[in-house]
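Just so we're clear, the structure is a prediction, and the values are computed from it rather than from any experiment. To find a chain, count down the sequence lines: A is the first, B the second, and so on, and within it residues start at 1.
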Amino acid sequence: MLKILYFGKLGELTQLREERVDVPNDINTIEALKSWLNTRHDLDCALSHPSIKTMIDQKLVHTNESIEGAQEIGFLPPVGGG
Amino acid sequence: MLKILYFGKLGELTQLREERVDVPNDINTIEALKSWLNTRHDLDCALSHPSIKTMIDQKLVHTNESIEGAQEIGFLPPVGGG
Amino acid sequence: MIIVSNTPFDAGERLNAFMEASQNAGAIASFIGRVRGEGGDTKSLYLESYADVTEQGIEDATKRAYARWPLTDILIIHRIGTLHAGEEIVLVATASEHRRAAFEACDFLMDYLKTEAIFWKKEITKSGSTWVEPRTQDYTDNKRWS
Amino acid sequence: MIIVSNTPFDAGERLNAFMEASQNAGAIASFIGRVRGEGGDTKSLYLESYADVTEQGIEDATKRAYARWPLTDILIIHRIGTLHAGEEIVLVATASEHRRAAFEACDFLMDYLKTEAIFWKKEITKSGSTWVEPRTQDYTDNKRWS
(Lines give C-alpha, C1' and ligand atoms only; values in the text may rest on other atoms or scores of the structure.)
Protein backbone atom coordinates (compact mmCIF):
# COMPACT_ATOMS: atom_id res chain seq x y z
CA MET A 1 0.00 0.00 0.00
CA LEU A 2 1.29 3.40 -1.00
CA LYS A 3 0.18 6.54 0.79
CA ILE A 4 -0.66 9.39 -1.59
CA LEU A 5 -1.08 12.98 -0.40
CA TYR A 6 -2.90 15.61 -2.45
CA PHE A 7 -2.26 19.17 -1.28
CA GLY A 8 -4.03 22.45 -1.92
CA LYS A 9 -6.17 22.53 -5.01
CA LEU A 10 -5.28 18.89 -5.81
CA GLY A 11 -7.09 17.81 -2.65
CA GLU A 12 -10.17 19.61 -3.92
CA LEU A 13 -9.94 17.97 -7.34
CA THR A 14 -9.59 14.46 -5.91
CA GLN A 15 -12.02 15.26 -3.08
CA LEU A 16 -9.66 13.64 -0.64
CA ARG A 17 -6.51 14.84 1.03
CA GLU A 18 -4.88 11.43 1.26
CA GLU A 19 -5.45 7.86 0.25
CA ARG A 20 -3.76 4.48 0.41
CA VAL A 21 -3.58 2.65 -2.90
CA ASP A 22 -2.47 -0.69 -4.26
CA VAL A 23 -0.43 0.34 -7.27
CA PRO A 24 -0.38 -2.13 -10.22
CA ASN A 25 3.00 -3.75 -10.82
CA ASP A 26 3.63 -1.98 -14.10
CA ILE A 27 3.29 1.47 -12.49
CA ASN A 28 6.81 2.02 -11.19
CA THR A 29 7.81 5.62 -11.90
CA ILE A 30 6.45 9.02 -10.87
CA GLU A 31 5.15 9.83 -14.36
CA ALA A 32 3.38 6.48 -14.67
CA LEU A 33 1.86 6.93 -11.22
CA LYS A 34 0.64 10.43 -12.14
CA SER A 35 -1.06 9.14 -15.30
CA TRP A 36 -2.65 6.30 -13.41
CA LEU A 37 -3.95 8.62 -10.67
CA ASN A 38 -5.09 11.22 -13.21
CA THR A 39 -7.33 8.58 -14.74
CA ARG A 40 -8.41 7.04 -11.46
CA HIS A 41 -9.67 10.45 -10.17
CA ASP A 42 -10.67 11.92 -13.51
CA LEU A 43 -8.18 14.73 -13.00
CA ASP A 44 -7.77 15.81 -16.63
CA CYS A 45 -3.93 15.71 -16.38
CA ALA A 46 -3.88 17.97 -13.28
CA LEU A 47 -1.07 15.92 -11.70
CA SER A 48 1.02 16.14 -14.87
CA HIS A 49 1.01 19.94 -14.94
CA PRO A 50 4.62 21.23 -14.78
CA SER A 51 3.81 23.34 -11.70
CA ILE A 52 3.09 20.22 -9.61
CA LYS A 53 6.08 19.09 -7.55
CA THR A 54 6.48 15.59 -6.17
CA MET A 55 7.95 14.37 -2.90
CA ILE A 56 8.89 10.73 -2.34
CA ASP A 57 8.98 9.98 1.36
CA GLN A 58 9.04 13.72 2.07
CA LYS A 59 11.99 14.49 -0.23
CA LEU A 60 11.56 16.57 -3.35
CA VAL A 61 12.32 14.72 -6.60
CA HIS A 62 13.19 16.56 -9.79
CA THR A 63 13.16 13.76 -12.38
CA ASN A 64 10.98 10.82 -13.29
CA GLU A 65 12.24 8.64 -10.47
CA SER A 66 11.31 5.10 -9.54
CA ILE A 67 8.70 4.74 -6.83
CA GLU A 68 9.95 1.32 -5.83
CA GLY A 69 10.12 0.99 -2.06
CA ALA A 70 8.37 4.34 -1.51
CA GLN A 71 6.01 4.65 1.46
CA GLU A 72 4.53 8.07 0.79
CA ILE A 73 4.14 10.22 -2.30
CA GLY A 74 3.10 13.86 -1.97
CA PHE A 75 1.85 16.00 -4.86
CA LEU A 76 2.44 19.71 -4.25
CA PRO A 77 0.90 22.60 -6.23
CA PRO A 78 2.79 25.93 -6.06
CA VAL A 79 3.40 26.75 -2.39
CA GLY A 80 3.24 29.98 -0.44
CA GLY A 81 2.16 31.03 3.03
CA GLY A 82 2.40 34.24 5.06
CA MET B 1 15.06 88.12 29.57
CA LEU B 2 16.11 85.49 27.06
CA LYS B 3 15.57 81.80 27.71
CA ILE B 4 18.60 79.70 26.82
CA LEU B 5 18.42 75.89 26.51
CA TYR B 6 21.51 73.68 26.67
CA PHE B 7 20.92 70.16 25.41
CA GLY B 8 22.82 66.92 25.79
CA LYS B 9 26.47 67.33 26.67
CA LEU B 10 26.12 71.14 26.67
CA GLY B 11 23.83 70.86 29.67
CA GLU B 12 26.55 68.94 31.46
CA LEU B 13 29.19 71.51 30.60
CA THR B 14 27.08 74.43 31.81
CA GLN B 15 25.69 72.37 34.69
CA LEU B 16 22.23 73.62 33.87
CA ARG B 17 19.68 72.64 31.28
CA GLU B 18 18.16 76.07 30.93
CA GLU B 19 18.58 79.60 32.17
CA ARG B 20 17.09 83.04 31.71
CA VAL B 21 19.62 85.75 30.99
CA ASP B 22 19.71 89.50 30.52
CA VAL B 23 21.76 89.83 27.39
CA PRO B 24 23.89 93.02 27.10
CA ASN B 25 22.71 95.39 24.34
CA ASP B 26 25.76 94.86 22.14
CA ILE B 27 25.15 91.10 21.97
CA ASN B 28 22.66 90.89 19.10
CA THR B 29 23.62 87.93 16.90
CA ILE B 30 23.92 84.18 17.43
CA GLU B 31 27.72 84.23 17.17
CA ALA B 32 28.04 87.08 19.65
CA LEU B 33 25.67 85.34 22.05
CA LYS B 34 27.67 82.11 21.79
CA SER B 35 30.93 83.90 22.61
CA TRP B 36 29.33 85.69 25.52
CA LEU B 37 27.88 82.44 26.92
CA ASN B 38 31.12 80.53 26.29
CA THR B 39 32.87 83.01 28.56
CA ARG B 40 30.08 83.24 31.11
CA HIS B 41 30.11 79.45 31.65
CA ASP B 42 33.79 78.89 30.99
CA LEU B 43 32.89 76.60 28.08
CA ASP B 44 36.19 76.75 26.17
CA CYS B 45 34.38 77.53 22.88
CA ALA B 46 32.06 74.51 23.18
CA LEU B 47 29.08 76.50 21.82
CA SER B 48 31.12 77.66 18.82
CA HIS B 49 31.93 74.13 17.66
CA PRO B 50 30.61 73.59 14.11
CA SER B 51 28.61 70.54 15.25
CA ILE B 52 26.40 72.68 17.52
CA LYS B 53 23.13 73.74 15.88
CA THR B 54 21.04 76.67 17.03
CA MET B 55 17.30 77.15 17.20
CA ILE B 56 15.67 80.56 17.64
CA ASP B 57 12.17 80.18 19.02
CA GLN B 58 12.28 76.48 18.09
CA LYS B 59 13.28 77.05 14.45
CA LEU B 60 16.65 75.93 13.16
CA VAL B 61 18.90 78.78 11.94
CA HIS B 62 21.75 78.18 9.55
CA THR B 63 23.51 81.55 9.52
CA ASN B 64 24.61 84.13 12.05
CA GLU B 65 21.16 85.58 12.53
CA SER B 66 20.02 88.43 14.71
CA ILE B 67 18.57 87.43 18.07
CA GLU B 68 16.48 90.58 18.29
CA GLY B 69 12.97 89.80 19.51
CA ALA B 70 13.87 86.17 20.27
CA GLN B 71 12.26 84.55 23.30
CA GLU B 72 14.13 81.25 23.37
CA ILE B 73 17.47 80.08 22.04
CA GLY B 74 18.31 76.37 21.98
CA PHE B 75 21.82 74.98 21.50
CA LEU B 76 21.78 71.45 20.05
CA PRO B 77 24.71 69.03 19.91
CA PRO B 78 24.46 66.23 17.30
CA VAL B 79 21.10 64.51 17.74
CA GLY B 80 20.07 60.89 17.60
CA GLY B 81 17.60 58.68 19.44
CA GLY B 82 16.31 55.16 18.97
CA MET C 1 11.32 28.79 17.92
CA ILE C 2 9.08 27.59 15.09
CA ILE C 3 5.40 26.97 15.63
CA VAL C 4 3.01 25.76 12.93
CA SER C 5 -0.37 25.46 14.56
CA ASN C 6 -4.09 25.70 13.97
CA THR C 7 -4.59 27.58 17.24
CA PRO C 8 -4.94 31.39 17.15
CA PHE C 9 -2.12 33.26 18.91
CA ASP C 10 -1.73 36.63 20.62
CA ALA C 11 0.95 38.48 18.65
CA GLY C 12 1.76 41.06 21.33
CA GLU C 13 2.06 38.44 24.04
CA ARG C 14 4.28 36.22 21.88
CA LEU C 15 6.50 39.15 21.00
CA ASN C 16 6.87 40.09 24.68
CA ALA C 17 7.81 36.51 25.57
CA PHE C 18 10.31 36.45 22.70
CA MET C 19 11.92 39.68 23.95
CA GLU C 20 12.02 38.35 27.49
CA ALA C 21 13.93 35.30 26.25
CA SER C 22 16.53 37.26 24.24
CA GLN C 23 17.61 39.89 26.77
CA ASN C 24 20.95 40.60 25.14
CA ALA C 25 19.55 41.81 21.84
CA GLY C 26 19.03 45.55 21.57
CA ALA C 27 17.14 45.32 18.26
CA ILE C 28 13.95 43.37 17.59
CA ALA C 29 12.25 43.50 14.20
CA SER C 30 8.94 41.82 13.59
CA PHE C 31 6.33 41.30 10.95
CA ILE C 32 2.72 40.29 11.40
CA GLY C 33 0.51 39.20 8.53
CA ARG C 34 -3.19 38.82 9.09
CA VAL C 35 -6.46 38.28 7.32
CA ARG C 36 -7.74 41.69 6.36
CA GLY C 37 -11.02 42.71 7.97
CA GLU C 38 -12.44 44.11 4.77
CA GLY C 39 -15.70 45.98 4.68
CA GLY C 40 -18.27 44.17 2.56
CA ASP C 41 -16.84 40.92 1.25
CA THR C 42 -15.74 39.24 4.46
CA LYS C 43 -12.91 36.89 3.72
CA SER C 44 -11.59 33.85 5.48
CA LEU C 45 -8.52 31.78 4.70
CA TYR C 46 -7.84 28.09 4.79
CA LEU C 47 -4.20 27.06 5.12
CA GLU C 48 -2.67 23.64 4.68
CA SER C 49 0.83 22.44 5.53
CA TYR C 50 2.75 19.19 4.97
CA ALA C 51 3.43 18.14 8.57
CA ASP C 52 7.12 17.93 9.48
CA VAL C 53 8.17 18.80 5.94
CA THR C 54 6.84 22.33 6.41
CA GLU C 55 8.56 22.79 9.76
CA GLN C 56 11.82 21.33 8.48
CA GLY C 57 11.79 23.76 5.56
CA ILE C 58 11.27 26.71 7.90
CA GLU C 59 14.00 25.39 10.18
CA ASP C 60 16.41 25.30 7.21
CA ALA C 61 15.47 28.89 6.30
CA THR C 62 16.24 30.05 9.86
CA LYS C 63 19.64 28.33 9.59
CA ARG C 64 20.35 30.33 6.45
CA ALA C 65 19.33 33.48 8.31
CA TYR C 66 21.60 32.69 11.26
CA ALA C 67 24.48 32.04 8.85
CA ARG C 68 23.97 35.33 7.08
CA TRP C 69 23.19 37.78 9.90
CA PRO C 70 24.38 38.10 13.51
CA LEU C 71 21.10 37.08 15.16
CA THR C 72 20.54 36.03 18.73
CA ASP C 73 17.07 34.58 18.22
CA ILE C 74 14.26 33.96 15.72
CA LEU C 75 10.57 33.36 16.32
CA ILE C 76 8.24 32.13 13.59
CA ILE C 77 4.59 31.36 14.24
CA HIS C 78 2.44 30.32 11.29
CA ARG C 79 -1.21 29.42 11.41
CA ILE C 80 -2.85 26.60 9.50
CA GLY C 81 -6.51 25.63 9.26
CA THR C 82 -9.37 28.10 8.93
CA LEU C 83 -8.67 31.77 9.72
CA HIS C 84 -11.26 34.53 9.92
CA ALA C 85 -11.01 38.24 9.16
CA GLY C 86 -8.71 40.01 11.61
CA GLU C 87 -6.85 36.87 12.70
CA GLU C 88 -3.07 36.71 12.56
CA ILE C 89 -1.62 34.36 9.92
CA VAL C 90 2.04 34.78 10.65
CA LEU C 91 4.44 36.38 13.11
CA VAL C 92 8.15 36.60 12.39
CA ALA C 93 10.43 38.20 14.96
CA THR C 94 14.21 38.52 14.82
CA ALA C 95 16.52 39.66 17.61
CA SER C 96 20.00 41.03 17.09
CA GLU C 97 22.47 43.52 18.44
CA HIS C 98 22.19 45.29 15.12
CA ARG C 99 19.16 47.05 13.69
CA ARG C 100 19.95 46.28 10.04
CA ALA C 101 20.53 42.59 10.75
CA ALA C 102 17.18 42.31 12.56
CA PHE C 103 15.30 44.10 9.75
CA GLU C 104 16.92 42.21 6.90
CA ALA C 105 16.57 38.78 8.47
CA CYS C 106 12.89 39.43 9.21
CA ASP C 107 12.35 40.58 5.63
CA PHE C 108 14.24 37.53 4.27
CA LEU C 109 12.22 35.08 6.38
CA MET C 110 8.93 36.64 5.26
CA ASP C 111 10.02 36.31 1.63
CA TYR C 112 10.80 32.65 2.30
CA LEU C 113 7.41 32.09 3.92
CA LYS C 114 5.58 33.81 1.06
CA THR C 115 7.24 31.93 -1.80
CA GLU C 116 9.00 28.78 -0.63
CA ALA C 117 7.50 27.55 2.62
CA ILE C 118 5.30 24.47 2.19
CA PHE C 119 1.87 26.01 2.67
CA TRP C 120 -1.24 26.18 0.52
CA LYS C 121 -3.65 29.01 1.01
CA LYS C 122 -7.28 29.26 -0.05
CA GLU C 123 -9.16 32.55 0.05
CA ILE C 124 -12.84 32.20 0.77
CA THR C 125 -15.21 35.08 0.01
CA LYS C 126 -18.97 35.24 -0.38
CA SER C 127 -18.53 34.91 -4.13
CA GLY C 128 -16.43 31.73 -3.96
CA SER C 129 -12.98 30.43 -3.13
CA THR C 130 -9.58 30.40 -4.85
CA TRP C 131 -6.20 28.86 -4.07
CA VAL C 132 -3.75 31.75 -3.84
CA GLU C 133 -0.30 31.46 -5.36
CA PRO C 134 2.56 33.90 -4.72
CA ARG C 135 2.43 37.04 -6.86
CA THR C 136 5.25 37.89 -9.27
CA GLN C 137 6.31 40.59 -6.79
CA ASP C 138 6.74 37.93 -4.08
CA TYR C 139 9.09 35.89 -6.26
CA THR C 140 11.01 39.07 -7.21
CA ASP C 141 11.34 40.02 -3.53
CA ASN C 142 12.61 36.56 -2.69
CA LYS C 143 15.32 36.73 -5.37
CA ARG C 144 16.92 39.69 -3.55
CA TRP C 145 18.59 37.25 -1.16
CA SER C 146 20.14 34.80 -3.61
CA MET D 1 0.16 58.17 16.91
CA ILE D 2 3.35 59.69 18.31
CA ILE D 3 4.22 59.39 21.97
CA VAL D 4 7.37 60.84 23.55
CA SER D 5 7.21 59.98 27.22
CA ASN D 6 9.30 59.18 30.27
CA THR D 7 6.92 56.36 31.27
CA PRO D 8 7.88 52.77 30.43
CA PHE D 9 5.58 51.06 27.95
CA ASP D 10 4.54 47.49 27.19
CA ALA D 11 5.58 46.87 23.58
CA GLY D 12 3.37 43.82 23.00
CA GLU D 13 0.31 45.54 24.43
CA ARG D 14 0.91 48.67 22.36
CA LEU D 15 1.37 46.62 19.21
CA ASN D 16 -1.88 44.74 19.85
CA ALA D 17 -3.75 48.02 20.37
CA PHE D 18 -2.20 49.39 17.18
CA MET D 19 -3.34 46.33 15.22
CA GLU D 20 -6.81 46.57 16.72
CA ALA D 21 -7.05 50.16 15.49
CA SER D 22 -5.96 49.41 11.92
CA GLN D 23 -8.13 46.43 11.02
CA ASN D 24 -7.87 46.89 7.28
CA ALA D 25 -4.11 46.47 7.07
CA GLY D 26 -2.92 42.95 6.32
CA ALA D 27 0.74 43.76 6.96
CA ILE D 28 2.24 45.15 10.16
CA ALA D 29 5.98 45.69 10.50
CA SER D 30 7.53 46.79 13.75
CA PHE D 31 10.84 47.54 15.35
CA ILE D 32 11.70 47.66 19.02
CA GLY D 33 14.94 49.08 20.34
CA ARG D 34 15.86 48.53 23.94
CA VAL D 35 18.66 48.92 26.44
CA ARG D 36 20.72 45.77 26.23
CA GLY D 37 20.79 43.71 29.40
CA GLU D 38 24.51 43.05 29.17
CA GLY D 39 26.28 40.66 31.48
CA GLY D 40 28.84 42.49 33.58
CA ASP D 41 28.79 46.18 32.82
CA THR D 42 25.14 47.02 33.41
CA LYS D 43 24.22 50.01 31.36
CA SER D 44 21.51 52.58 31.68
CA LEU D 45 20.55 55.36 29.28
CA TYR D 46 19.48 58.91 29.80
CA LEU D 47 17.50 60.49 26.97
CA GLU D 48 16.61 64.13 26.47
CA SER D 49 14.20 65.68 23.98
CA TYR D 50 13.28 69.26 23.05
CA ALA D 51 9.61 69.30 23.97
CA ASP D 52 7.26 69.99 21.05
CA VAL D 53 10.17 70.43 18.65
CA THR D 54 10.99 66.72 18.94
CA GLU D 55 7.39 65.63 18.39
CA GLN D 56 6.93 68.03 15.49
CA GLY D 57 10.03 66.62 13.80
CA ILE D 58 8.74 63.05 14.19
CA GLU D 59 5.33 64.15 12.91
CA ASP D 60 7.00 65.59 9.78
CA ALA D 61 8.89 62.31 9.25
CA THR D 62 5.63 60.34 9.43
CA LYS D 63 4.15 62.70 6.81
CA ARG D 64 7.06 61.90 4.51
CA ALA D 65 6.44 58.19 5.12
CA TYR D 66 2.72 58.51 4.32
CA ALA D 67 3.59 60.39 1.12
CA ARG D 68 6.02 57.72 0.02
CA TRP D 69 4.30 54.46 0.95
CA PRO D 70 0.66 53.32 1.00
CA LEU D 71 0.31 53.14 4.80
CA THR D 72 -2.88 52.97 6.81
CA ASP D 73 -1.29 53.80 10.17
CA ILE D 74 1.95 54.57 12.01
CA LEU D 75 2.77 54.23 15.70
CA ILE D 76 5.92 55.72 17.23
CA ILE D 77 6.64 55.54 20.94
CA HIS D 78 9.96 56.95 22.16
CA ARG D 79 11.15 57.03 25.74
CA ILE D 80 12.96 59.91 27.38
CA GLY D 81 14.46 60.16 30.86
CA THR D 82 16.39 57.38 32.56
CA LEU D 83 16.12 53.87 31.14
CA HIS D 84 17.53 50.72 32.70
CA ALA D 85 18.83 47.51 31.13
CA GLY D 86 16.06 45.60 29.38
CA GLU D 87 13.71 48.59 29.02
CA GLU D 88 12.31 49.52 25.64
CA ILE D 89 13.60 52.77 24.15
CA VAL D 90 11.57 52.89 20.99
CA LEU D 91 8.72 51.14 19.21
CA VAL D 92 7.90 51.88 15.58
CA ALA D 93 5.01 50.07 13.93
CA THR D 94 3.66 50.55 10.43
CA ALA D 95 0.47 49.13 8.97
CA SER D 96 -0.20 48.68 5.28
CA GLU D 97 -1.91 46.45 2.79
CA HIS D 98 1.53 45.69 1.39
CA ARG D 99 4.36 43.88 3.09
CA ARG D 100 7.16 45.82 1.38
CA ALA D 101 5.57 49.18 2.21
CA ALA D 102 5.24 48.26 5.89
CA PHE D 103 8.85 47.04 6.09
CA GLU D 104 10.38 49.96 4.23
CA ALA D 105 8.44 52.64 6.09
CA CYS D 106 9.40 51.09 9.43
CA ASP D 107 13.04 50.97 8.38
CA PHE D 108 12.89 54.58 7.12
CA LEU D 109 11.35 55.85 10.36
CA MET D 110 13.97 54.08 12.46
CA ASP D 111 16.71 55.68 10.36
CA TYR D 112 15.07 59.05 10.97
CA LEU D 113 14.90 58.44 14.71
CA LYS D 114 18.52 57.31 14.87
CA THR D 115 20.04 60.23 12.98
CA GLU D 116 17.68 63.19 12.72
CA ALA D 117 15.13 63.09 15.53
CA ILE D 118 15.79 65.65 18.26
CA PHE D 119 17.04 63.41 21.03
CA TRP D 120 20.26 63.27 23.02
CA LYS D 121 21.34 60.00 24.52
CA LYS D 122 23.79 59.36 27.33
CA GLU D 123 25.12 55.88 28.07
CA ILE D 124 25.90 55.27 31.70
CA THR D 125 28.10 52.33 32.71
CA LYS D 126 30.00 51.55 35.89
CA SER D 127 33.08 53.05 34.32
CA GLY D 128 31.49 56.39 33.44
CA SER D 129 29.09 58.05 31.03
CA THR D 130 29.24 59.26 27.42
CA TRP D 131 26.87 61.11 25.12
CA VAL D 132 26.26 58.84 22.15
CA GLU D 133 26.17 60.26 18.64
CA PRO D 134 24.93 58.35 15.58
CA ARG D 135 27.52 56.02 14.03
CA THR D 136 28.70 56.48 10.45
CA GLN D 137 26.58 53.44 9.55
CA ASP D 138 23.46 55.21 10.89
CA TYR D 139 24.06 58.22 8.63
CA THR D 140 24.75 55.91 5.66
CA ASP D 141 21.52 53.99 6.35
CA ASN D 142 19.56 57.23 6.51
CA LYS D 143 20.91 58.41 3.12
CA ARG D 144 19.23 55.42 1.44
CA TRP D 145 15.95 57.30 1.48
CA SER D 146 17.03 60.62 -0.03
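Counting heavy-atom pairs closer than 4.5 Å to chain C, the top residue among D:Gly33, D:Ser22, D:Ala102 is D:Ser22. Of the residues considered (D:Arg144, D:Gln137, D:Glu13, D:Glu20), D:Arg144 shows the highest number of contacts with chain C, using heavy-atom pairs under 4.5 Å.
Of all non-hydrogen atoms in D:Ala27 and C:Phe31, the two that sit nearest each other are CB-CZ, 3.5 Å. Residues C:Glu97 and D:Arg36 approach most closely at O-NH1, 3.5 Å, considering heavy atoms. Nearest heavy-atom pair, D:Ser30 versus C:Leu15, reported as atom, atom and distance to 0.1 Å: OG-CD2, 4.5 Å.
Residues C:Met19 and D:Glu88 form a side-chain contact, since some pair of their non-hydrogen atoms from C-beta on lies under 4.5 Å apart.
At a heavy-atom cut-off of under 4.5 Å, chain C is reached by D:Phe103, D:Cys106, D:Asp107, D:Met110, D:Asp111, D:Lys114 from residues 103-114 of chain D, listed in order of number.
For CG of D:Asp10, the number of neighbouring non-hydrogen atoms (other residues, nucleotides, ligands) closer than 6.0 Å is greater than 12.
Neither the backbone nor the side chain of C:Thr72 comes within contact range of chain D; no heavy atom of the residue lies under 4.5 Å from a heavy atom of that chain. Both the backbone and the side chain of C:Arg99 have a heavy atom closer than 4.5 Å to some heavy atom of chain D. Neither the backbone nor the side chain of D:Ser96 comes within less than 4.5 Å of any heavy atom in chain C.
Between the side chain of C:Arg14 and the backbone N or O of D:Gly12, no donor-acceptor pair lies under 3.5 Å.
Considering only residues two or more places apart in sequence or on other chains, C:Asp60 meets the side chain to side chain donor-acceptor pair (under 3.5 Å) condition with C:Gln56.
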